[in-house]
Amino acid sequence: SKEVSCQYQNLSAFPSDLSPSIEKLDLTGNFLRNVTEELMVNLKSLQVLNLSYNRLEHIDLKVLELTEELLVLVLAGNQLHKNSLSNGKAVGSSRKLQALDLSKNGLDSDAATSYLGGLSSLQKLDLSDNEMTRLSTDMFSGTPNLEVINLQNNHILEIDEGTFESLRSLRVLNLAKNSLSCIAGFGLIQLHILNLSRNSINVFVADETEGKYELQVLDLSHNKLLYFPLLPKLHLQHLNLSYNEITFRVPEPLNVTGVTGVRDGYKDITRLNKPRYSFPEVTDLDLSNNHLKSFPLPFLSNLKSLEHLTLSKNCIENVSLYLPHVSPMDFVGKEHDSMSVTGMSLQSLRSLYLQENLIESWPSWFFKLFPQIEKVDMRNNIIKPCSAQDEANGLWSPSGNHLRCASFSSIPTLKYLSLHGNHLTELPPYMFYQTPLVFLDLSGNENLVMSRYALAGLEPSLEHLNLAGNQMSSASFSPPCLERLKVLVLTKNQLEDLPSPLACSPLENLDIRNNTLQGLEDRVVQGWSRTLKGMLLSGNSFNCCSSNWLRILRDAKVDV
Ligand SMILES: *[C@@H]1O[C@H](CO)[C@@H](O)[C@H](O)[C@H]1NC(C)=O
Ligand SMILES: *[C@@H]1O[C@H](CO)[C@@H](O)[C@H](O)[C@H]1NC(C)=O
Ligand SMILES: *[C@@H]1O[C@H](CO)[C@@H](O)[C@H](O)[C@H]1NC(C)=O
Ligand SMILES: *[C@@H]1O[C@H](CO)[C@@H](O)[C@H](O)[C@H]1NC(C)=O
Ligand SMILES: *[C@@H]1O[C@H](CO)[C@@H](O)[C@H](O)[C@H]1NC(C)=O
Ligand SMILES: *[C@@H]1O[C@H](CO)[C@@H](O)[C@H](O)[C@H]1NC(C)=O
Ligand SMILES: *[C@@H]1O[C@H](CO)[C@@H](O)[C@H](O)[C@H]1NC(C)=O
């Protein structure tokens, strides 16, 4: 065999009878302390050596010279902070090594550096979960061909200028879970993926080097950013700014010390719609868990490729054309003008996540901004749906801008909508008219009353309807004939019987747990039994004397 695995065998010494033809040896989870010459002298063909989770503290100087073919060396979870100078010499002389894992070894910056001496072929390096505090320019001078570096979960406070710049092939850099507070003069044009999640970054300013950056993914989540990072023109596609303190407010006189130009830079942010801060290729933007108070439309309208926008868990109260505190001069007189609104539209936006804000209403033109929108999550807001009268008065009229309600009608691309937990008590008639929803979640709106025509218009499209936890009585639930409905969730209501129009629907799954049903109609159940796959019915007060419907379900092999 060319592969030998001796994982978790309580070995305290190298197995002695290994064949010289072995290419892959896995000794994970034993009690090895030393890697010695005489044991390795035979293993001339070894390409992959996994020594993770042992107690290694000593590696003979010649060991890796002997195993000339070694490509992958895993040393994670050992004691290699000990004897780092001599061990480092041994490891650092492995000319063909392509991947080295030194995670979880208690290494400080100097100790880590000593392992990286002459690894001229190394492409992938893992130094995560160590004790490094600083990265200096000499650290990677022996590893010029690195492509992927993982430095996650250290205590890195400082990175000297020039540390990564010489690594021409570097594509992926993970610095998540460190203690960085400021990224100034970021100039790593070669990077594709940069992870800075879970640091304490309050300033991020990149150098302006026209059009050269390759960065595609930037994760700045869980930091302390007060403002949008200052990025030059990028090919950035995925930008994660969740869990920061961004408000889009113009900075008060800045108290950032030590970084010249930052203040001027941030003054520019007041002119966010300038091309300098446009991100023409961003497709995913996550701004959840920040401190936004309104929907930052002028800024977002620069993100012409945006497909997925997450603004959940902010304090957005309403949608306005204005950035608070920014001079509205650019927009004066235009707010009534449908042309200027179209000019701001996000042509590619497909999903919009606005859950857990304080949104009550939006201007009647709001969804005209997103001509391709398919999915909207409005869970846990305080939406006030427009009545038919509001709609008639409001749409595209000058007063539409100030409409104090939220319209869901005439959104021809929208398929998925969640209005869970919005304290909705009433759904006005024709609420979703000309919006061909496939999926609608209205659960968690206690005491909801659904009028006869509330779902009118959804008959030919709706496939999934969730009305759980609404405490609806039979009198307040009158759906139309939903011709395509497959999944219906009615858990936790107070239904005494199911409304007859439901017999129309080709249901596949029905959940009627925790209602006050006494039975179901044989005729209706007979109809459903052709399509029904599963049905949940516990927590009702069914009458055992008339349970023919149950037999019908059993005969149809419905999972009950
Ligand atoms: C390793 O030692 C532990 C503790 O003595 C024992 O429970 C376990 O069975 C041993 N494993 C093997 C593979 O011998
Ligand atoms: C490991 O190597 C050290 C230094 O060469 C030596 O003192 C020690 O006895 C060795 N231990 C084992 C278990 O081989
Ligand atoms: C080394 O072993 C660890 C623990 O089993 C495993 O997670 C890792 O994938 C292995 N690495 C290689 C390169 O085989
Ligand atoms: C960045 O690192 C964090 C922490 O390990 C991780 O949760 C996140 O998924 C990473 N981000 C990306 C874009 O890979
Ligand atoms: C952004 O980061 C947060 C926190 O790490 C994570 O939960 C979220 O899924 C990320 N967003 C995207 C769009 O990947
Ligand atoms: C929307 O929010 C802005 C700023 O918070 C406020 O001035 C305005 O009155 C609000 N508009 C509506 C219609 O609630
Ligand atoms: C139904 O009600 C019972 C008793 O109150 C509760 O324990 C159970 O979790 C409820 N089930 C569902 C699906 O709500």
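For ligands, and for the atoms within them, numbers begin at 1 and follow the listed sequence. Since this is a predicted model, take the numbers as computed values, not measurements.
Distance screen at 4.0 Å: atom 11 (N) of ligand 4 has a protein heavy-atom neighbour inside the cut-off. Within a 4.0 Å radius of atom 5 (O) of ligand 4, the protein has at least one heavy atom. Note that atom 2 (O) of ligand 5 has protein non-hydrogen atoms nearby, at separations under 4.0 angstrom.
Contact annotation: for H222 versus ligand 5, heavy atoms closer than 4.0 Å belong to the side chain alone. Under 4.0 angstrom from ligand 4, the non-hydrogen atoms of Q152 all belong to its side chain.
Shown in contact with D219 at under 4.0 Å from a heavy atom are these atoms of ligand 4, numbered in order with element: 1 (C), 8 (C), 10 (C), 11 (N), 12 (C), 13 (C). With ligand atoms numbered from 1 in the order given, ligand 7 contributes 1 (C), 2 (O), 3 (C), 8 (C), 10 (C), 11 (N), 12 (C), 14 (O) to contacts under 4.0 Å with heavy atoms of N514. Annotation for ligand 7: atoms under 4.0 Å from non-hydrogen atoms of K492 are 14 (O). The atoms of ligand 5 that sit less than 4.0 Å from any heavy atom of S242 are 1 (C), 2 (O), 3 (C), 4 (C).
In terms of polar-atom proximity, defined here as any N/O pair under 3.5 Å, H238 makes no such contact with ligand 4. Below 3.5 Å of separation, one finds no N or O of D284 facing any N or O of ligand 5.
With contacts defined as side-chain heavy-atom distances shorter than 4.5 Å, the pair T247/N290 does not qualify. Inter-residue side-chain proximity for F295 and F366 is flagged as met; some heavy-atom pair is nearer than 4.5 Å. Residues L241 and P229 meet the side-chain proximity criterion, which asks for heavy atoms closer than 4.5 Å. In this structure, R171 and Q123 have side chains that are not in contact, with every pair of non-hydrogen atoms separated by 4.5 Å or more. V525 has its side chain within reach of L553: a pair of non-hydrogen atoms, C-beta onward, lies under 4.5 Å apart.
Using the six-membered ring where Trp is involved, F370 and F367 have ring planes that are perpendicular, over 60° apart on the 30 and 60° scheme.
Counted by atom type alone, Q237 and E281 present zero donor-acceptor pairs between their side chains at under 3.5 Å.
In terms of protein heavy-atom proximity, atom 9 (O) of ligand 5 is closest to D286 OD2, 4.5 Å.
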